[in-house]
Amino acid sequence: MDQIADTARYDPAQAEPRWQQAWERAGCFAVPDVPDGTRPKYYVLEMFPYPSGRIHMGHVRNYTLGDVVARYKRARGFAVMHPMGWDAFGLPAENAARERGIHPATWTWDNIATMRGELKRMGLSLEWSREFATCDPAYYGHQQALFLDFLAAGLVERKEAFVNWDPVDHTVLANEQVIDGRGWRSGAVVERKKLSQWFLSITKYADDLLAALDTLDRWPERVRTMQRNWIGRSEGARVRFALASPIDGHDSVEVFTTRPDTLFGMSFLALSPDHPLTAAIAARDPKAAAFVQECSTLGTTEAALETAEKRGHDTGLTVRHPFNGRTYPVWIANFVLMEYGTGAIFGCPAHDQRDLEFARKYGLSVTPVVLPKGIDAAGFAVADTAFTEDGTLINSDFLDGLEVPAAKRRIIEELERTGQGTGVVQWRLRDWGVSRQRYWGCPIPVIHCDACGIVPVPKDQLPVRLPDDVDLSRPGNPLDHHPTWKHVACPRCGAPARRETDTMDTFVDSSWYFARFTAPHAATPTHRAAADAWLPVDQYIGGIEHAILHLLYSRFFTRAMRDTGHLGLASGEPFAGLFTQGMVKHETYRDAQGRWLYPTEVAKRPDGTAVHVGTGAPVTVGAVEAMSKSKRNTVDPGAIIDRYGADTARWFILSDNPPERDMEWTEAGVAGAYRFTQRVWRLVSAAVPTLPPHGAAVPTTFSGEARALRRTTHRTIAAVTAALETFAFNVAVARLYEFASAIADAKGEGTDLAWARREALEALVRLFAPAMPHLAEECWSLLAPGAGLVAQLSWLDHDPALAAADTVTIAVQVMGRLRGTIEVPAGADEATVLAAAEAEENVARAIAGRPIRKRIHVPGKIVNLVL
RNA sequence: GCGGGCGUGGCGGAACUGGCAGACGCGCCGGAUUUAGGUUCCGGUGACGCAAGUCGUGGGGGUUCAAAUCCCUCCGCCCGCACCA
């Protein structure tokens, strides 16, 4: 073995491209659009990337996880579809165009070329022939066809909605472009402005989107819970309040409430600043108008509205209570959302915390109407905490004495009987506004004609292409400004008409790309046989930040596509399995001036302090945070692959922690992973000359050491397999570290041990192959020359008989405290185990001759002796 | 504000259905090898204690023979909130 000891190091830079080419030549990862049925199908998909410039560690993590699944499932005998594409429309391309004068298309396609190259270096088992970008008319033209089919099916509507309006730039701003209520470029105070926009009718599927969550048993429970809350089904009542004196044709206000039982505890009625009645009031009351104007600068995000200080304006109007005949003041309140319910509420401060704070602030009455159980009505008062739980009704006329659920039923009956209200089911979910006043998106394929109204673009005229020559230096909607693009003849009457200049929300692009991947070159949006055979996606992997919107929109889209004949997916569910990965984080660094520094600019010294690489100036090490360009705590995957190879990056990313949690990228961790690749290579290359040939006959007998090694081998196969099935990749890595150590420790001689060593090494290589595919091929070519590619081998099965242990270790507790362990034959009977336990030296000392009251024995695990 | 999640040694984490807390890796300490080392190999490493042992899974309380795991409560951090993707 001495001449082997100086075997050259494993050189990933040389080996990795070689194996990537070998897989490519062998066509290892290709599957037909329509499966031939010889193997069961498995569709693995990672959320496709936005082509922002370079790949980042979040991508590396995402695609490594997916690749492990894809390679593992392929070895398990599945026909695995594993495609890749580009979520290529979006705001950053327009920003780049404005800032650097690059056309969005040029910027996007250049980024795609760069990122494709980076992904290819990772050695992912992707089928690149399915690649597409959503900004390609060959993709978005089909999306326009889907839009038209949805329009024909009544799933598209035009409605008014609020946008963030920059009054200086005359531009609609995205939420992220509004900073502290001001436009990010102009600095002007942003206003809420109503625009007529296109909506997809997701609420038509609200019931099914909610109910079907229960069938998604391979989704994280928390994602299902978040979607459930987002859809927000609630039962309640609509109640109409007559205005004491009508105003501008309004003679009543309708409110929605989930607590109709508390109607007798009413103290005020509050209108949204965006309510039609508010507008009527503001038209004649300058103070009300001023208050509404103030509210309009709060922006359009729910978080902003909800966290703002609760404020109101007393309109001086009053409404009449439906039952007790009293009148109550009408306020305009900044926390009442027009988008939910009816845009008006009745306030019951005793039993709603927000109402209570509002009432205390403005000196409104607080009447308790629900009495907590076991409390005397005389002794019950509401101070600064509203009572929101169930109890018994008081001060409530015909509801007195009823429990909350019965009171709800009773008052709804009464409201319906008297025609003053009705029980309703209310949804929080709103229709999906897809209109965007931007250039770099999919044009909405309709034409506005003065005579014919809204006319769909005939399908044979699709795609409606974006014009190339746009002026992005002007604020506002570039398509609207374009000198010629929007002017067309009406397809119906031929008169001069205008194209719709809004483009679609980029979430539309990502709501059906997984279906397009199944037949990416089809002349229609989907090829039914391909889509029906491959969908649903068996395993979808991506960030938790998409837990609601992207996933919900996709679930809507597959239902709408099914109902317009584009899919046969009966369940309507696009993703049978979902895994949400955590973020990749890194330490942050700042110099004495407080400027952020890249990790490559910082050197760590042995005493733990950090200095600037170039100047030696001290550097402050800050918190571990999500990698971001602004904080410069990013690590370039390309540089890591240059230095250590793709396998090392993949191995570290899998080993650090459970994939659903945030991970910290550390230089020490990568170096540790790299050492392991070299260690495995040494282990294999040093052992090969001593091993029997690949496929040699099994020896008839095995020594104790050989048996022990085989037991470890078969246990490891079982453990790694179980870990891969449950996404416990860090556990699989730990078991493989242990396995490699166990192989190195089995130093004995003999042909039986040599055979067991070959069995172990072959297993090691095949078990880590999904994670480090290049190193696996390199080792395999040494272990089993001419035996093909690991990528084409089937998975290993473990032999339970070989994995079984002869003895088990039992922990022995006395009074719940560990006092010793005993080794007993596997399957020993209880009497034997207890006798051995009580005889154990340390245990006997702890018992000290006292009588044992109770003996608890959990076979194979523990004995607890209670004195 | 609302909804969801997380919290275990110096660090990342492991721990099956409530059954030996700290697997495995990083770091650190000691030793060996090497001309050299960001090399390799061996040993050690939760805290306190000479030891027996005691304490220990964000804080406090509870259930149980037995709790990281179940229940109550408090604290801290993270994600989403509909025009970022």
Rounded to the Å, how far apart are [X] [atom1] and [N] [atom2]?
{"X": "A/Arg61", "N": "B/rG12", "atom1": "CZ", "atom2": "C1'", "value": "11 Å"}
{"X": "A/Lys193", "N": "B/rC83", "atom1": "NZ", "atom2": "P", "value": "17 Å"}
{"X": "A/Asn229", "N": "B/rG1", "atom1": "CG", "atom2": "C1'", "value": "15 Å"}
{"X": "A/Ile862", "N": "B/rC65", "atom1": "CD1", "atom2": "C1'", "value": "10 Å"}

Check: A/Tyr50 side chain, A/Phe89 main-chain N or O, donor-acceptor pair, under 3.5 Å: no
Under 3.5 Å: donor-acceptor pair, side chain of A/Arg555, backbone of A/Leu209: yes
Do [Y] and [X] meet the salt-bridge criterion of a basic N to acidic O distance under 4.0 Å?
{"X": "A/Arg228", "Y": "A/Glu221", "value": "yes"}
{"X": "A/Arg360", "Y": "A/Glu357", "value": "no"}
{"X": "A/Glu838", "Y": "A/Arg855", "value": "yes"}
{"X": "A/Arg428", "Y": "A/Glu302", "value": "yes"}

Taking the same atom, [atom1], in [N] and in [M], what whole-Å distance lies between them?
{"N": "B/rC16", "M": "B/rA23", "atom1": "C1'", "result": "14 Å"}
{"N": "B/rA67", "M": "B/rG60", "atom1": "P", "result": "16 Å"}
{"N": "B/rA66", "M": "B/rA82", "atom1": "P", "result": "50 Å"}
{"N": "B/rG19", "M": "B/rG12", "atom1": "P", "result": "24 Å"}

Determine which nucleotide pairs with [N], using a 3.5 Å limit on both distances of a Watson-Crick or G-U wobble pair.
{"N": "B/rG9", "answer": "none"}
{"N": "B/rA51", "answer": "none"}
{"N": "B/rA15", "answer": "none"}
{"N": "B/rU45", "answer": "B/rG27"}
{"N": "B/rU35", "answer": "none"}
{"N": "B/rC70", "answer": "B/rG62"}
{"N": "B/rG3", "answer": "B/rC79"}

Which part of the nucleic acid, if any, lies within contact of [X], taking any heavy atom under 4.0 Å across all strands shown: a base, the sugar-phosphate backbone alone, or nothing?
{"X": "A/Asn842", "value": "sugar-phosphate"}
{"X": "A/Tyr644", "value": "base"}
{"X": "A/Val858", "value": "base"}
{"X": "A/Arg735", "value": "base"}
{"X": "A/Thr809", "value": "base"}
{"X": "A/Arg228", "value": "nothing"}
{"X": "A/Trp432", "value": "nothing"}

First encountered from the 5' end of RNA chain B, between A/Tyr553 and A/Ile544: A/Ile544
Position toward the 5' end of RNA chain B (nearest nucleotide), A/Ile810 or A/Leu195: A/Ile810
Closest nucleotide among B/rC20, B/rC84, B/rA23 to the A/Gln813 side chain: B/rC20
With a 4.0 Å limit, can you tell me whether [X] has a side-chain N or O closer than that to the phosphate oxygens OP1/OP2 of [N]?
{"X": "A/Arg675", "N": "B/rG27", "result": "yes"}
{"X": "A/Arg817", "N": "B/rG53", "result": "no"}
{"X": "A/Asn730", "N": "B/rG25", "result": "no"}
{"X": "A/Thr821", "N": "B/rC20", "result": "no"}
{"X": "A/Arg430", "N": "B/rA82", "result": "no"}
{"X": "A/Asn657", "N": "B/rG12", "result": "no"}

Has the side chain of [X] got a donor or acceptor that lies under 3.5 Å from a partner of the other kind on the base of [N]?
{"X": "A/Arg819", "N": "B/rG53", "answer": "no"}
{"X": "A/Asn864", "N": "B/rC65", "answer": "yes"}
{"X": "A/Arg661", "N": "B/rC6", "answer": "no"}
{"X": "A/Gln437", "N": "B/rC83", "answer": "yes"}

Rounded distance (nearest 0.5 Å) linking atom OG1 of A/Thr809 with atom CD1 of A/Ile862: 12.5 Å
Chi-based syn or anti call at B/rG25, which uses purine or pyrimidine torsion atoms and a 90° bound: anti
